[in-house]
Every structure is written in structure tokens, then in C-alpha cells.
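So you know, we letter chains A, B, ... as the sequences are listed, proteins then strands, and number each from 1.
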Amino acid sequence: MRADSLIILDFETTGLSPDIGDRAIEIGAVRLEGGEVVDKFQALMNPGFQVSRFIADYTGITNAMLADALSCEEVMHEFANFIQGSNLIAHNASFDKRFLDAELARIGRHYDGEFSCSLLVSRRVFQDAISHKLGELVKYTRVKSNGEFHRALYDSEMTAKVWLAMLDDIGERYGAFDLSFEQIKTLAKTPKKSVGKLLAGWGSA
DNA sequence: TGCCAGGCCCTCTTTAGGGCCTT
């Protein structure tokens with residue numbers, strides 16, 4: 001595992017759960033090293049059935065676009081190669097992890113990284129934010145955006161910028177820099193009221 | 001921008017209910 005390589009990923013899907021037949025239709029991801037985006041991955045994928053009007057409207061991904069796309073199986077083999085050796089971040093990671101696990105299980109592939117969640121971390125670091133939706137966090141952190149949300153690569157890029165803004169905020173407020181992935185995972189499950197003490201302790205260590 | 005599912009988190013809680021997030 002490369003401690004300095006972190007992949008922020010985002011799926012667009014046909015619905016909310018692979019347990020009821022939903023499939024991935026797009027994957028986007030950026031690789032962060034040393035606080036910089038050093039690589040990107042984006043691909044539409046054909047789920048083998050028509051997506052609903054709601055999903056087409058929500059994502060802008062139409063059935064015509066998917067008709068020319070590679071299959072989920074072909075794309076996910078490429079993506080499995082892309083993420084090997086890196087830890088993973090997603091906004092509301094429980095959602096993306098379910099789809100990643102389901103799509104990789106279909107092709108017999110595995111990944112060796114661990115997940116953490118930018119939503120859970122943001123609820124702890126930005127406790128005064130009115131909302132922790134990705135779009136609202138982009139405004140809160142004053143990240144530049146053209147508003148093209150709900151496409152996988154764009155959302156992964158915005159998540160990466162919010163993620164870096166959170167790390168900057170932790171550094172500025174607590175003097176805690178270069179947190180390890182294990183520290184991030186600890187932060188993501190620490191009770192909100194204990195977060196200040198935890199980060200102050202890391203800052204003075 | 002949904003009614004689907006599921007994890008997190010809060011509270012008028014824990015033998016539960018409902019809002020927040022993700023598509």
C-alpha cells in the first residue's frame with residue numbers, strides 16, 4: 001500500500017442500491033499524491049438495460065450515451081487496476097463502496113485499499129456547515145465550481161478539493177498536518193464533541 | 001430533483017423513529 005496515494009472516487013448509478021438490481025453507469029476518480037491530482041479515471045459503462053428518466057435527468061447521462069459505452073465488466077476491470085495499492089475516499093462512502101463491491105464481485109476482482117468517507121469527516125471538521133451535501137460543502141469551502149454536479153469525474157474532483165480544504169482547515173486550526181489514513185479513519189468515527197480534543201492532541205504531538 | 005436501500009447520527013433513545021446523505 002502506497003501511503004502517499006489516495007483515490008477519490010464517485011459512481012453514477014441507475015439507482016440507490018445494487019441489492020435491488022441497480023448498476024453503475026459511470027465511474028470517475030482522481031488520484032491524489034502530496035495534495036495534488038496526479039492522475040484521473042473516467043468512463044461511462046453500459047449496464048445492459050435502459051436507465052430511468054429520473055436518472056437521465058439527474059445525471060445528464062442518456063441511454064444514447066450508454067449505448068456506445070463499454071460494458072460494466074470491461075470498465076470495472078480497468079478501474080480495478082487503477083485503484084490497486086491506494087486507499088479510497090468517497091462522499092458518503094457507504095454508497096459508493098456498495099456499488100464498487102457489487103461490480104467487482106461480478107467480475108471476481110478485489111481491491112486492497114481501505115475506505116474512508118469525506119461526508120463523515122466533514123460532519124466533524126465543519127460542524128457549523130448548514131448542510132454536508134457535496135454541493136453545499138463546495139460553497140462552504142469556497143472551492144471554485146461551474147456547477148456541473150452529478151457527473152462522476154466532476155464530483156470526484158470537487159470531493160478532492162473539499163477534502164484538501166478540510167485537511168488545510170485541520171492544519172490551520174489545530175496545527176495537525178499530514179494526517180495518516182489511520183488517523184483519518186479514527187477522525188471519521190470520533191464523536192463530534194470529542195473532535196476538537198482529538199485534533200488538538202494530534203497538533204501538539 | 002423520488003417512493004426504492006442502508007449507514008450514520010440525533011433525540012422526546014437503546015424493546016425507536018426520523019432526518020441526512022448517496023443515485
Side-chain angles (χ1 to χ4, degrees), chain A residues 7-30 41-66 69 72 75-76 79 83 88-106 114-141 143 145-163 165-166 184-198:
Chain A
I7 285 177
I8 291 84
L9 63 93
D10 182 67
F11 279 103
E12 304 305 318
T13 71
T14 64
L16 289 172
S17 175
D19 294 339
I20 56 174
D22 287 317
R23 299 293 304 272
I25 56 174
E26 188 181 36
I27 179 67
V30 298
F41 188 104
Q42 184 276 331
L44 291 170
M45 54 189 121
N46 189 328
F49 56 88
Q50 299 278 297
V51 302
S52 68
R53 170 64 69 85
F54 173 81
I55 290 298
D57 289 347
Y58 186 81
T59 63
I61 299 169
T62 65
N63 285 301
M65 292 162 67
L66 294 174
C72 293
V75 170
M76 291 308 298
F79 191 63
I83 63 177
L88 308 169
I89 299 282
H91 200 63
N92 200 11
S94 68
F95 175 87
D96 292 279
K97 183 177 187 299
R98 279 202 304 277
F99 278 95
L100 180 64
D101 290 350
E103 292 294 347
L104 292 184
R106 284 173 172 268
E114 294 185 81
F115 257 101
S116 190
C117 176
S118 56
L119 171 64
L120 296 183
V121 174
S122 74
R123 282 176 173 161
R124 288 160 174 79
V125 176
F126 297 143
Q127 294 193 20
D128 59 345
I130 294 172
S131 164
H132 294 85
K133 290 180 184 176
L134 179 59
E136 293 301 317
L137 288 174
V138 164
K139 294 177 188 172
Y140 182 86
T141 54
V143 165
S145 166
N146 61 14
E148 296 178 355
F149 291 103
H150 307 307
R151 286 299 299 268
L153 180 60
Y154 190 79
D155 282 4
S156 67
E157 289 173 332
M158 290 297 103
T159 301
K161 289 184 177 181
V162 168
W163 180 260
M166 283 197 290
I184 293 293
K185 289 183 66 178
T186 298
L187 173 59
K189 59 185 179 185
T190 296
K192 283 185 184 179
K193 62 183 179 182
S194 305
V195 164
K197 184 177 180 180
L198 177 76

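- Nucleotides B:dC9 and B:dC4, compared at atom C1', are 22 Å apart to the nearest Å.
- Spacing between atom CD1 of A:Ile55 and atom P of B:dT22 amounts to 13 Å, rounded to whole angstrom units.
- Distance, A:Leu120 CG to B:dG7 C1': 8 Å, rounded to whole Å.
- For A:Tyr58 and B:dT23, the shortest distance from a side-chain N or O to OP1 or OP2 is below 4.0 Å.
- Rounded to a whole Å, the CZ atom of A:Phe95 is 10 Å from the C1' atom of B:dA5.
- Counting all heavy atoms, side chain and backbone alike, A:Phe41 lies closest to A:Val75 at CZ-O, 4.2 Å.
- The phosphate of B:dC21 (OP1 or OP2) has a side-chain N or O of A:Ser131 nearer than 4.0 angstrom.
- At whole-Å resolution of the value, CZ in A:Phe54 and P in B:dT1 are 9 Å apart.
- Summarising the geometry of A:Pro47 relative to A:Cys72, their closest heavy-atom pair is CA-SG, 3.7 Å, with the distance given to 0.1 Å.
- Note: NE2 (A:His150) to P (B:dT22) measures 8 Å, nearest angstrom.
- Using a 4.0 Å heavy-atom distance criterion, A:Ile25 is classed as making no nucleic acid contact.
- For A:Leu16, counting side-chain heavy atoms from C-beta on, the closest listed nucleotide (B:dC8, B:dT22, B:dG6) is B:dT22.
- As judged by a 4.0 angstrom heavy-atom cut-off over every strand, A:Phe11 is placed among residues touching the sugar-phosphate backbone only.
- Nucleotide B:dT1 holds its C1' atom 15 Å from the CG atom of A:Asp155, rounded to whole Å.
- Rounded to the nearest Å, the gap between the P atom of B:dT14 and that of B:dG18 is 13 Å.
- Using P as the reference atom, B:dC8 and B:dC3 are 24 Å apart when rounded to the nearest Å.
- Heavy-atom distances to DNA chain B give each of A:Thr13 and A:Arg98 a nearest nucleotide, and the one nearer the 5′ end belongs to A:Arg98.
- What separates CD1 of A:Ile130 from P of B:dC20 is a distance of 13 Å, to the nearest Å.
- Distance alone, capped at 3.5 Å, places no donor-acceptor pair between the A:Asn92 side chain and the A:Cys117 backbone.
- Using a 4.0 Å heavy-atom distance criterion, A:Asp22 is classed as making no nucleic acid contact.
- The aromatic rings of A:Tyr58 and A:His150 sit tilted relative to each other, their planes meeting at an angle between 30° and 60°.
- The side chain of A:Lys192 lies closest to B:dC10, out of B:dC10, B:dC21, B:dT23.
- Comparing B:dC9, B:dT23, B:dC4 by their nearest atom to the side chain of A:Arg124 picks out B:dC9.
- Taking atom P on both B:dC10 and B:dT23, the two are 23 Å apart, rounded to the nearest angstrom.
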(request) Using the side chain to side chain donor-acceptor pair (under 3.5 Å) rule, take A:Tyr140 and A:Asp128 through it: C-alpha gap first, then chi angles, then the decisive distance, then the call. (result) CA-CA 10 Å; A:Tyr140 182 86; A:Asp128 59 345; 2.3 Å; yes
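- Among the nucleotides B:dT23, B:dC4, B:dG7, the one closest to the side chain of A:Arg123 is B:dG7.
- With B:dC21, B:dG7, B:dT23 as the candidates, the nucleotide lying closest to the side chain of A:Ser94 is B:dG7.
- Side-chain atoms of A:Asn92 lie closest to B:dC21 of the nucleotides B:dG2, B:dC21, B:dC9.
- Set against B:dC8, B:dG6, B:dT23, the side chain of A:Asp19 has B:dG6 as its closest nucleotide.
- Sequence order on DNA chain B of the closest nucleotides to A:Ala188 and A:His91 puts A:Ala188 first from the 5' end.
- Within a 6.0 Å radius of CD1 in A:Ile130, other residues, nucleotides and ligands contribute 12 heavy atoms or fewer.
- Comparing B:dT1 with B:dG6, their P atoms sit 25 Å apart, to the nearest whole Å.
- To the nearest angstrom, C1' of B:dG7 lies 14 Å from CG of A:Asp101.
- The C1' atoms of B:dG17 and B:dC12 are separated by 11 Å, rounded to the nearest whole Å.
- Judged purely by atom type and a 3.5 angstrom limit, A:Gln127 uses its side chain to pair as donor or acceptor with the backbone of A:Arg124.
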